[in-house]
Amino acid sequence: MIGMADSAEEVTQGDSHPDSRADGMSGSLRSLGTYAPESTEPALSPADLPARSRKAFLRHMIGQLAEPVQNRIRALRHNQLQQVRISEQFFREVYELERRFYGQSCALFDARRDILEGSVEPPIQTEKTWPEDPQDALYLDFGNNEELRQLRQKLAPVSPTTLGVPRFWLTVFQNVPLLSELVQDHDEPLLECLMDVRLAYDQDSYTVIFQFRPNSFLHDSSLLLTKRYFLQHSADPEYPFLFEGPEIVRCEGCHIYWRDGSNLTLQTVESRRRNRAHRVTKVMPRESFFRFFAPPQALDLSLADEKTKLILGNDFEVGFLLRTQIVPKAVLFYTGDLVDSMSAASPDSRSLSSEAEQEQAL
């Protein structure tokens, strides 16, 4: 009441003295400037918190709600779980469609293999039925870029009489960062003999098949190397709300029968022991693309050590890439049509995968 009376008195004085009214307004503005400054920083929101803290805060927020409201939230989560069940059915049918339409493309993959191997010579292509990218004519500064010079020196000359497209699959693998990391220099002679890469679909798995022509490394019984990936089409019971489609949960390689002395996954190392004149020869494992066919076995991934999880996580990513991009679109990775898009998308996909793992850890 005292405040209200004081305000009325000020208004009355202001009406009879215009100058004092102006002074009062100025004082009010000065008062606002002193005690209620306008903030230029955005208001803090839960999204500004780290994932673990954000989740804890939101659980706390819900815990402060009245019980009837909490019950409604529980009903909405049950509602969401029913949506997950619908998504499971949706993605399973999408996988079946992929499986069916891949079969329709097999004739085209046969034609691709025949052209690559030189058993079929295609007609002269006089017209391009696809649009040209204006950025295709890019300038390469070989004079000032040592990496470009080294890569140009590695380009093998190709004779006009050469059949097919030599080193096709090796070049594709070297053009894709995720696959290039697996290929070692000593793998290249054998990967030059790779004729074809195909898929074979099963209901809950798919197999990547690598077909080699006869060579001096692999025994004739190992000219077909396989890698099978097992899928989980349903949501993880412990984290159902993270379901975004079928995921790879396990993989299975194959045994490789090497010719004597040609195992690319092993190397012979000589060492001299202390106080001994003679050398000791040891056979040691080494990095190789062909270790891809002998993945670590972890039937329960949650119980695996961190190194195994990292290896399998990378392996699963390679398996997904082979199925969805490399096998169906190999020539586009050879020509560079997909280099930019894959380079831009790869970090995002890795970060999404990492984010999902972090969320699951909560």
Side-chain angles (χ1 to χ4, degrees), residues 102-103 105-123 125 151 154-176 178-201 206-229 251-267 286-295 315 318-319 321-323 325-336 338:
Y102 175 83
S105 299
C106 284
L108 296 173
F109 295 144
D110 289 342
R112 178 178 69 182
R113 179 202 57 211
D114 294 342
I115 292 174
L116 293 178
E117 284 301 294
S119 60
V120 170
E121 190 65 34
Q125 308 295 305
L151 288 173
K154 291 184 66 176
L155 293 176
V158 179
S159 169
T161 60
T162 299
L163 296 177
V165 183
R167 297 167 57 95
F168 177 83
W169 287 103
L170 170 59
T171 303
V172 169
F173 290 175
Q174 291 177 328
N175 289 347
V176 180
L178 193 61
L179 296 175
S180 179
E181 293 175 357
L182 303 178
V183 178
Q184 309 300 316
D185 290 343
H186 50 266
D187 295 324
E188 294 186 13
L190 179 50
L191 288 175
E192 288 180 5
C193 301
L194 183 57
M195 298 172 55
D196 199 11
V197 184
R198 294 289 187 95
L199 300 173
Y201 284 84
Y206 66 91
T207 302
V208 187
I209 304 169
F210 299 76
Q211 181 183 359
F212 292 83
R213 70 175 69 94
N215 58 81
S216 60
F217 295 92
L218 299 174
H219 192 274
D220 288 347
S221 61
S222 276
L223 295 181
L224 282 180
L225 301 182
T226 60
K227 185 68 170 288
R228 187 178 183 184
Y229 291 92
C251 60
E252 187 178 87
C254 68
H255 182 76
I256 302 177
Y257 293 94
W258 298 95
R259 296 187 183 274
D260 292 342
S262 299
N263 190 335
L264 296 177
T265 68
L266 300 176
Q267 62 181 335
R286 67 174 173 178
E287 294 296 322
S288 170
F289 172 83
F290 294 91
R291 289 196 170 278
F292 174 75
F293 298 97
D315 196 320
V318 170
L321 181 65
L322 286 167
R323 171 185 137 213
Q325 298 291 325
I326 304 301
V327 172
K329 306 175 185 178
V331 68
L332 301 181
F333 291 95
Y334 183 89
T335 60
L338 286 182

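Given the structure is predicted, the values throughout are model-derived calculations rather than measurements.
- Taking the six-membered ring for Trp, Phe217 and Phe212 have ring centres at least 6.0 Å apart.
- Between Val208 and Phe210, the closest side-chain pair of non-hydrogen atoms falls below 4.5 Å.
- Between His255 and Tyr257, the ring planes are perpendicular. Angles over 60° get that label, and only those under 30° would be called parallel.
- Counting all heavy atoms, side chain and backbone alike, Leu218 lies closest to Asn215 at N-OD1, 2.7 Å.
- From Gln267, atom CD reaches atom OG of Ser288 across 11.0 Å, with rounding to the nearest 0.5 Å.
- Smallest separation of non-hydrogen atoms from Val327 and Arg112: O-NH1, 2.7 Å.
- In terms of heavy atoms, Arg291 sits closest to Thr265 at NH2-O, 2.9 Å.
- Side chain of Gln325 to main chain of Arg323: no donor-acceptor pair is present (N/O by atom type, distance under 3.5 Å, no hydrogens or angles).
- Around atom CD of Glu287, no more than 12 heavy atoms belonging to other residues, nucleotides or ligands sit under 6.0 Å away.
- Formation of a donor-acceptor pair under 3.5 Å by the Thr162 side chain with backbone atoms of Ser159 is found in this model.
- The two residues Leu224 and Ile209 come nearest to each other via the heavy atoms CD2-CG2, 3.9 Å.
- Within the 4.5 Å cutoff, no side-chain heavy atoms of Asn263 are placed close to those of Phe290.
- Remark: side-chain polar atoms of Arg198 are paired, donor with acceptor, to backbone N or O of Phe109 under 3.5 angstrom.
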* So Phe333 and Phe173, ring pair (Phe, Tyr, Trp, His ring centres under 6.0 Å) or not? Walk me through it. -> CA-CA 8 Å; Phe333 291 95; Phe173 290 175; over 10 Å; no

* Take Val318 and Leu322 through the test side chain to side chain contact (heavy atoms under 4.5 Å, CB included) and record every step on the way to the result. => CA-CA 6 Å; Val318 170; Leu322 286 167; 3.9 Å; yes

* To do: Might you work through the side chain to side chain contact (heavy atoms under 4.5 Å, CB included) test for Val172 and Ile326, ending with a clear yes or no?
  => CA-CA 8 Å; Val172 169; Ile326 304 301; 4.0 Å; yes

* To do: Before giving the answer on side chain to side chain contact (heavy atoms under 4.5 Å, CB included), spell out for Glu117 and Arg213 the whole-Å C-alpha distance, their side-chain angles and the decisive distance to 0.1 Å.
  => CA-CA 10 Å; Glu117 284 301 294; Arg213 70 175 69 94; 2.7 Å; yes

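- A cation-pi geometry, defined here as NZ or CZ lying under 6.0 Å from the six-membered ring centre and within 45° of its normal, holds between Lys227 and Phe292.
- Although no hydrogens or angles enter the test, the distance criterion places no donor-acceptor pair under 3.5 Å between the side chain of Arg167 and the main chain of Glu192.
- The shortest side-chain heavy-atom distance between Ser180 and Asn175 does not fall under the 4.5 Å cut-off.
- The two residues Ser216 and Ser262 have their closest heavy-atom pair at O-OG, 3.3 Å.
- Defined by atom type and a distance below 3.5 Å, a donor-acceptor pair is present between the side-chain atoms of Tyr229 and Asp315.
- Across every non-hydrogen atom of Phe289 and Asp187, the tightest pair is N-OD2, 2.7 Å.
- Atom CG in Asp185 sits 5.5 Å away from atom NZ in Lys154 (nearest 0.5 Å).
- Between the CG atom in Leu338 and the CG atom in Leu332 there is a gap of 4.5 Å [rounded to 0.5 Å].
- For the pair Arg228 and Tyr206, the cation-pi criterion (under 6.0 Å, within 45° of the ring axis) is not fulfilled.
- Trp169 places a side-chain N or O within donor-acceptor distance of the main-chain N or O of Met195, the cut-off being under 3.5 Å.
- At least one donor-acceptor pair under 3.5 Å links the side chain of Ser119 to the backbone N or O of Asp114.
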* Run the side chain to side chain contact (heavy atoms under 4.5 Å, CB included) check on Tyr201 and Leu199 step by step: do they pass? -> CA-CA 6 Å; Tyr201 284 84; Leu199 300 173; 3.6 Å; yes

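- The 12-atom threshold is not exceeded at NE2 of His219, counting heavy atoms of other residues, nucleotides or ligands nearer than 6.0 Å.
- Separation of atoms CG (Leu194) and CG (Leu223) is listed at 11.0 Å; rounding is to 0.5 Å.
- With rounding to the nearest 0.5 Å, the separation of CG in Leu190 from CH2 in Trp258 is 5.5 Å.
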